[in-house]
There are 2 protein chains.
Amino acid sequence: MSQDGVALETSLGYLLKEAASALRAAMEDALRPLGLTVTQYACLELLAQCPGLSGSELARGAFVTRQSMNVLLQAMERDGYVTRPAEAPVGKVLPTRLAPDGRRILEKASAEVRAVEVRMLEGMTATEQSATFAALRSMVDSLRADGT
Amino acid sequence: MSQDGVALETSLGYLLKEAASALRAAMEDALRPLGLTVTQYACLELLAQCPGLSGSELARGAFVTRQSMNVLLQAMERDGYVTRPAEAPVGKVLPTRLAPDGRRILEKASAEVRAVEVRMLEGMTATEQSATFAALRSMVDSLRADGT
DNA sequence: TGACTCATGTCAGTATCCTGACATACCGTT
DNA sequence: AACGGTATGTCAGGATACTGACATGAGTCA
């Protein structure tokens, strides 16, 4: 191993990617025993908080395209985790809801993920956490400003 | 659109993913005119700072597998951006270095990416930036502690 | 020296996600 | 009522990254 990180690690962007990568890996490890991917978990969590979300809304919330979310929803419907009406009650929107099995597995998954997040925040004071929260939100807003 | 973000957006993990997603999208937009992907840019930047890195080391630095980095390096070698010896001078490690064309395009790419990062940090004081830096590093360290 | 462990490069197969495209349904204005 | 703009769900194709596996070379230790 040569010397790693001379100037790149001084970049907030690089560190942001590193943190997100580490968090994703930790979540994958935590969710693997349950047979869930991170995207599937995000989808279930979104549905628990906002029942009846459309596929496109779920896609935006999970940061994937609506096409990817569509195949994911079909699989989760087949597995009995979510339910969608066969036909759209209004327009083309197919409102998705948690099935009992989905609610059950989400409960376990949520506990695992919460443990990961707690571990991630250990050593940070509440003040530091809220400061980081504000900083990240500021970054998101600034980046979205022009990128549309 | 139903109501979005009730509790999920209060999660630092979710916000971290959102920020990383926004940053990646902004970087993709900035690098697309140059015909570079974010991973390719990361690879070039790593090589500029640490010439002679092996494929595996580059993979770790860019947060991809060494297999993915390998195909990426083959393409970049074909495009004349990097050079690798035909045979390993020692062991199996193939030290990679920037070619003149790679150094040239990296110069342009680096300017674009720097502009994105500047935009991302607008509205944050230097104190807030370094506090966020410390917080992200703390998260990475905590997550890596057990995940091995 | 020989056995063991680890890291690297590479090949093959698979999975995941994305881009492009189309038809349909709502909403606004004219 | 008719139109254009927007949003949704879906299909097809391709790009990208990953997992699994193998052989090779270096380092360690008995």
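Here is how names work: the chains are called A, B, and so on, in the same order as the sequence lines, proteins then strands, and each is numbered from 1.
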Residue-phosphate contact under 4.0 Å: [X] side-chain N/O, [N] OP1/OP2:
{"X": "B:Ser56", "N": "C:dG9", "value": "yes"}
{"X": "A:Asn70", "N": "D:dG9", "value": "no"}
{"X": "B:Arg60", "N": "C:dT8", "value": "yes"}

Rounded to whole angstrom units, what separation is found between the [atom1] atom of [X] and the [atom2] atom of [N]?
{"X": "B:Leu73", "N": "C:dT10", "atom1": "CG", "atom2": "C1'", "value": "13 Å"}
{"X": "A:Leu53", "N": "D:dA7", "atom1": "CG", "atom2": "P", "value": "16 Å"}
{"X": "A:Glu57", "N": "D:dT6", "atom1": "CD", "atom2": "P", "value": "18 Å"}
{"X": "B:Gln74", "N": "C:dA12", "atom1": "CD", "atom2": "P", "value": "12 Å"}

TODO: Determine, for A:Asp29 against A:Arg32, whether the closest basic-nitrogen to carboxylate-oxygen distance falls under 4.0 angstrom.
DONE: yes
- [ ] Considering only NZ, NE, NH1 and NH2 on the basic side and carboxylate oxygens on the acidic side, decide whether A:Glu57 and A:Arg66 come within less than 4.0 Å.
- [x] no
Task: Reading 5' to 3' through nucleotides 17-26 of chain D, protein heavy-atom contacts under 4.0 Å coded B for base, S for sugar-phosphate only, - for none - done: SBBBB-BBSS
Distance-only donor-acceptor pairs under 3.5 Å for side chains of residues 78-96 of chain A, two or more places apart:
from    : atom 1 : to      : atom 2 : distance (Å)
A:Thr96 : OG1    : A:Leu53 : O      : 3.4
A:Thr96 : OG1    : A:Leu94 : O      : 3.4

Open item on the list: Using a 3.5 Å distance criterion without hydrogens, assess whether the side chain of A:Glu117 forms a donor-acceptor pair with backbone atoms of B:Ser11.
Closed with: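 Such a contact is absent between A:Glu117 side chain and B:Ser11 backbone.
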- [ ] Under the salt bridge (charged side-chain N to carboxylate O under 4.0 Å, His left out) rule, collect the residues that match up with B:Glu28, sequence neighbours excluded.
- [x]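 Checked B:Glu28 against salt bridge (charged side-chain N to carboxylate O under 4.0 Å, His left out); matches are B:Arg24.
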Task: Under the salt bridge (charged side-chain N to carboxylate O under 4.0 Å, His left out) test, residues paired with A:Arg97 that sit two or more places apart - done: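 Result, salt bridge (charged side-chain N to carboxylate O under 4.0 Å, His left out) vs A:Arg97: none returned.
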Open item on the list: So if I take the C1' atoms of five pairs at each end of the helix from C:dT1-D:dA30 to C:dC27-D:dG4 and get each local axis, what angle do the two axes make, rounded to 10 degrees?
Closed with: 30°
Open item on the list: Between B:Tyr14 and A:Phe63 (judged by ring centroids, cut-off 6.0 Å), do the two rings come close enough to count as a pair?
Closed with: yes
TODO: Identify, with sequence neighbours excluded, every residue that meets side chain to side chain donor-acceptor pair (under 3.5 Å) alongside A:Glu112.
DONE: none
